[in-house]
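The next block holds one structure in the form of structure tokens; read it before the comments.
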Protein chains: 2
Amino acid sequence: MVELSTTKDGTANQAEQSDRVLQILAEAARLFATKGYDGTSMRDIAVACGISKSLLYHHFSNKDEIYARVAVGSTLELYLFVRDRVPDGPPSQKIRAFMIATAEYFRRYRWAWIASTTAFWNDPDRHRQKERLTRRDRFENFLRGLIQEAIDAGEIRKLDVPMTGRLILSSLNWMHRWYNPNKTATPEQIADIFFDMVFNGLCNPDFGVPPTGEQPKPARRKRAGK
Amino acid sequence: MVELSTTKDGTANQAEQSDRVLQILAEAARLFATKGYDGTSMRDIAVACGISKSLLYHHFSNKDEIYARVAVGSTLELYLFVRDRVPDGPPSQKIRAFMIATAEYFRRYRWAWIASTTAFWNDPDRHRQKERLTRRDRFENFLRGLIQEAIDAGEIRKLDVPMTGRLILSSLNWMHRWYNPNKTATPEQIADIFFDMVFNGLCNPDFGVPPTGEQPKPARRKRAGK
DNA sequence: TTTTTCACCGACCGATCGGTCAAGCCCGCT
DNA sequence: AGCGGGCTTGACCGATCGGTCGGTGAAAAA
């Protein structure tokens, strides 16, 4: 049930949490993810935990802190989580590992992931907002580095790096809107399928140029060139 | 400013709206998109429009109806909008047109799009919720039909159709989280870039198999086969 | 045994929520 | 001038919001 703070205990700053705190964080994450921050009241959280509302304020100073612990606290180590799962090897395989690791993170911390990525980005707390953006940028820049590696190694085309990163992250970030944990495929398997599609492309290599070359807009078949 | 109900007037059910109603819908869409449904109060909408809160209830029966008009009313014709912009031609080009048309819709009805796609999906109104899902499914099934066409024509590989559709829609649906209208690229241009990336793939065709074939997991290079 | 600590609770607070209502304002019509 | 009817308003409602407060009971510390 509780899925928070499972980083190796060495990197984690908060060593042990009381069961109650973990329960509150887990229930709050689920509620924030399904009903949103403003749609979730402190009463909702208390009722979900089977405790009084006052007890929430005994363990947390206010609602924002609960959300911060859910969103920031559990997203704390996304970058480290993924980085540790990207092994040495061909850059394109590192991108694949990046995608699969991100999907694993999504599967493990699903509610907290949804709660933090669907939150509205005007956090009144400036410092926290800035820290969140810093973390996100570090994560995104890590992917961009991998893409640049793959380009330098000649494994992928000379594409716009930020745009390529956005495409890859889009496929992962939108997953929570349609993923059903009761279905067969795991997020990791889905990420692997997406990697294959994005890396190798949808087009059939046996099929050359479409019969009638309509709409001669931008790049269609010239795959290597800039 | 007002960006709602611009369908040709023939297809639209509501012919002319008072300026006030259009203003309310536009401001409400912007607020719902930036602060969420629960984060937006009727006072917020009234203040944004420079009118009294009571006036909102003169034009709309309640908050839900305003949201419904923003989300459902303006998303009403996404399927028709896109369908009318997908011309005859090679199936892969129809997919490209689908993506660009969807991006155009996003650009035109940006706030309403964001408000409706970021809403939490437990609509208390059963009928409306069902209608929304029906619309979304019709839109998604349209894309799946195009993908199946492209497979049958041999233009794209024999991939899992629903999964391929999800990848394409992810690239478009996540755009609102990072798109900046002040930047140079239009959504349509971005969609075009994404189509190129997804259709032709990231991989460099000049580059064969990576030097060391690590991780012999699923499909890596066999592009035509099932 | 006495004292301190701490998880925990019921009652309550001011503010704000969505929503109502009776009454004014404004403007064209007769 | 008189009048009817939409547009518009401020005052107000009960409910719920996030948050506070004084206290209870049991275990740990003394």
Side-chain angles (χ1 to χ4, degrees), chain A residues 1-2 4 14-72 115 119-120 122-125 128-129, chain B residues 2 14-72 115 119-120 122-125 128-129:
Chain A
M1 177 64 78
V2 173
L4 300 171
Q14 48 245 18
E16 75 274 15
Q17 304 278 357
S18 81
D19 290 348
R20 188 72 342 134
V21 168
L22 294 178
Q23 179 199 17
I24 292 171
L25 289 174
E27 293 292 341
R30 187 176 56 80
L31 287 168
F32 285 145
T34 51
K35 311 202 311 175
Y37 179 84
D38 291 299
T40 301
S41 72
M42 294 297 270
R43 282 172 184 79
D44 292 337
I45 300 174
V47 168
C49 295
I51 61 176
S52 74
K53 189 161 65 82
S54 307
L55 188 52
L56 295 178
Y57 289 94
H58 176 71
H59 291 292
F60 301 90
S61 61
N62 52 40
K63 185 181 178 181
D64 261 10
E65 191 191 317
I66 297 182
Y67 178 77
R69 286 283 297 276
V70 166
V72 180
F120 294 97
N122 37 10
D123 193 325
D125 186 328
R128 210 168 52 205
Q129 170 79 350
Chain B
V2 172
Q14 46 244 19
E16 76 275 16
Q17 305 277 357
S18 82
D19 289 348
R20 231 327 83 91
V21 168
L22 293 178
Q23 180 199 17
I24 293 172
L25 289 174
E27 292 294 340
R30 188 176 56 80
L31 287 168
F32 285 145
T34 52
K35 312 204 310 177
Y37 180 83
D38 291 300
T40 301
S41 71
M42 294 297 270
R43 282 174 183 79
D44 292 336
I45 299 173
V47 168
C49 295
I51 59 177
S52 73
K53 187 162 65 81
S54 308
L55 188 51
L56 296 177
Y57 288 93
H58 175 72
H59 291 293
F60 301 92
S61 60
N62 52 40
K63 185 181 179 181
D64 260 10
E65 190 191 317
I66 296 183
Y67 178 76
R69 285 282 296 277
V70 166
V72 180
F120 294 98
N122 37 9
D123 192 325
D125 186 327
R128 211 168 52 205
Q129 169 80 347

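In this text the structure is predicted, and so the values were computed from the model without any measurement. In what follows, every chain begins at residue 1, and chains take the letters A, B, ... in the order their sequences are listed.
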Polar atoms only, N or O, under 3.5 Å: list the protein pairs with nucleotides 22-24 of chain C and their distances.
none

Hey, could you give me each pair passing ring pair (Phe, Tyr, Trp, His ring centres under 6.0 Å) that has a residue in residues 29-59 of chain A? Not counting sequence neighbours.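 Qualifying pairs, neighbours excluded: Phe32(A)-Tyr37(A), Phe32(A)-Tyr67(A), Tyr37(A)-Tyr67(A).
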
Looking at every non-hydrogen atom in both residues, tell me the closest pair between Ala28(A) and Val70(A) and how far apart they are.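 Scanning both residues, the minimum pair turns out to be CB-CG2, 4.2 Å.
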
Rounded distance [0.5 Å steps], [atom1] in [X] versus [atom2] in [Y]:
{"X": "Arg43(B)", "Y": "Ser41(B)", "atom1": "CZ", "atom2": "OG", "answer": "6.5 Å"}
{"X": "Ile45(A)", "Y": "Glu27(A)", "atom1": "CD1", "atom2": "CD", "answer": "9.5 Å"}
{"X": "Met42(B)", "Y": "Ile66(B)", "atom1": "CE", "atom2": "CD1", "answer": "4.0 Å"}
{"X": "Cys49(B)", "Y": "Leu55(B)", "atom1": "SG", "atom2": "CG", "answer": "8.5 Å"}
{"X": "Lys35(B)", "Y": "Asp38(A)", "atom1": "NZ", "atom2": "CG", "answer": "8.5 Å"}

Just how far, in rounded Å, is [atom2] of [N] from [atom1] of [X]?
{"X": "Gln23(B)", "N": "dT8(D)", "atom1": "CD", "atom2": "P", "result": "9 Å"}
{"X": "Arg20(A)", "N": "dC6(C)", "atom1": "CZ", "atom2": "C1'", "result": "13 Å"}
{"X": "Ile51(A)", "N": "dC9(C)", "atom1": "CD1", "atom2": "C1'", "result": "11 Å"}
{"X": "Asp19(B)", "N": "dT8(D)", "atom1": "CG", "atom2": "P", "result": "11 Å"}
{"X": "His58(A)", "N": "dA7(C)", "atom1": "NE2", "atom2": "P", "result": "3 Å"}

In B/S/- notation, 5' to 3', how is nucleotides 15-21 of chain D contacted by protein heavy atoms closer than 4.0 Å? --BBBBB

Report yes if a side-chain nitrogen or oxygen of His59(B) is closer than 4.0 Å to either non-bridging phosphate oxygen (OP1 or OP2) of dG6(D); otherwise report no.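 Answer no for this pair, as no side-chain N or O of His59(B) is under 4.0 Å from OP1 or OP2.
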
Close side-chain approach of Arg69(A) to Val21(A), heavy-atom, < 4.5 Å: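 With C-beta onward as the side chain, the pair touches.
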
